[in-house]
Amino acid sequence: MNSAPLSAHASAHPDAEQAVSTLRLSIEEHAIGMVIPPTAVFDGNLKLDCGVVIYGKFRGTLECAKGTVIIAPGAHFSGRLSAERIAVAGKVGDPAKAAKDSALLIASEDLQIGDGADIHAVIRAPLFNIPMGAKLNSSVIKSMLGTGAG
C-alpha cells in the first residue's frame, strides 16, 4: 500500500540526473529565461535580458539583449525579432505579405536555420547557413554586426 521511497524511485532512473544537468547547461548556454508554450498566442512587445523558446505563436516585437531565441518546430513568429542568436525550426512570417512587411529577424551573432524551417522575412545576420530542406523566401542582408572591424 505504501509506494517506494523517492530515493529508490530516483535510483531506478540513473540517467535522470544527467538529463536534468544537460538541460540546465543548454538553458544556461542559450540564456533561456522564458518559454511561450504550444497553445499560447502572444500579441505585443517584449524587451528581455534573456533568451526565449517559442513553441506557440508570437506576433509583435521581441528584443532579447542576451541569449538565443528559438522558434521551435510547429511555432510561428511574425513581427520584429532581435537577439544575439536566433534558431528557426518553425515558421516565420506570412507568405501573403511582402517579406519586408511580414517579419524581420536581426541576429547580432548567428542565425541558425533548421531544415524544416519556413521563413518569409527579411534576415540580417553576420553568419547563417541555409540547409537543403528549408523554405526561404526572404530578403537577406548579410552584415558585419558586432565584428569590431575597424
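Everything numeric in this text was worked out from a predicted model, so none of it was measured.
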Would you tabulate the side-chain donor-acceptor contacts of residues 88-96 under 3.5 Å, counting partners in other chains and residues two or more places apart, or write 'none'?
from: D94; atom 1: OD1; to: A96; atom 2: N; distance (Å): 2.9

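- Residues that satisfy the side-chain hydrogen bond (donor to acceptor under 3.5 Å, both in side chains) test with R80, not counting sequence neighbours, are absent from this structure.
- In this structure, CG in L62 is found 11.5 Å from CD1 in I106, a value given to the nearest 0.5 Å.
- In this structure, S82 OG and L104 CG are separated by 8.0 Å, a value rounded to the nearest 0.5 Å.
- Nearest heavy-atom pair, C50 versus G33, reported as atom, atom and distance to 0.1 Å: SG-CA, 3.6 Å.
- Residues L127 and E109 come closest through the heavy atom pair CB-O, 3.9 Å.
- Going from atom CZ of R85 over to atom OG1 of T68 covers 3.5 Å, rounded to the nearest 0.5 Å.
- E84 pairs by the side-chain hydrogen bond (donor to acceptor under 3.5 Å, both in side chains) definition with nothing, not counting sequence neighbours.
- Heavy-atom minimum distance, I36 versus A40: CG2-CB, 3.8 Å.
- Across all their heavy atoms, A83 and G67 have their closest contact at CB-O, 4.2 Å.
- Residues A72 and Y55 come closest through the heavy atom pair CB-CD2, 3.5 Å.
- Take F42 and apply the ring pair (Phe, Tyr, Trp, His ring centres under 6.0 Å) test, not counting sequence neighbours, and it matches F58.
- Residue pairs meeting the salt bridge (charged side-chain N to carboxylate O under 4.0 Å, His left out) criterion with at least one partner in residues 42-63, sequence neighbours excluded, are D43-R59.
- I86 places none of its side-chain heavy atoms less than 4.5 Å from the side chain of I123.
- P131 meets the side chain to side chain contact (heavy atoms under 4.5 Å, CB included) test with I113, D115, A134; sequence neighbours excluded.
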Run the numbers on I71 and L81 for side-chain contact (heavy atoms from CB on, under 4.5 Å), then give the verdict. CA-CA 11 Å; I71 302 168; L81 167 58; 4.1 Å; yes
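- In terms of the side-chain hydrogen bond (donor to acceptor under 3.5 Å, both in side chains) criterion, residue partners of D110 (sequence neighbours excluded) are, by chain and number, Q112.
- A75 and I54 get closest at one heavy-atom pair: CB-O, 3.1 Å.
- Counting only residues at least two apart or on different chains, no ring-ring contact (aromatic ring centres under 6.0 Å, His included) pair has a member in residues 78-117.
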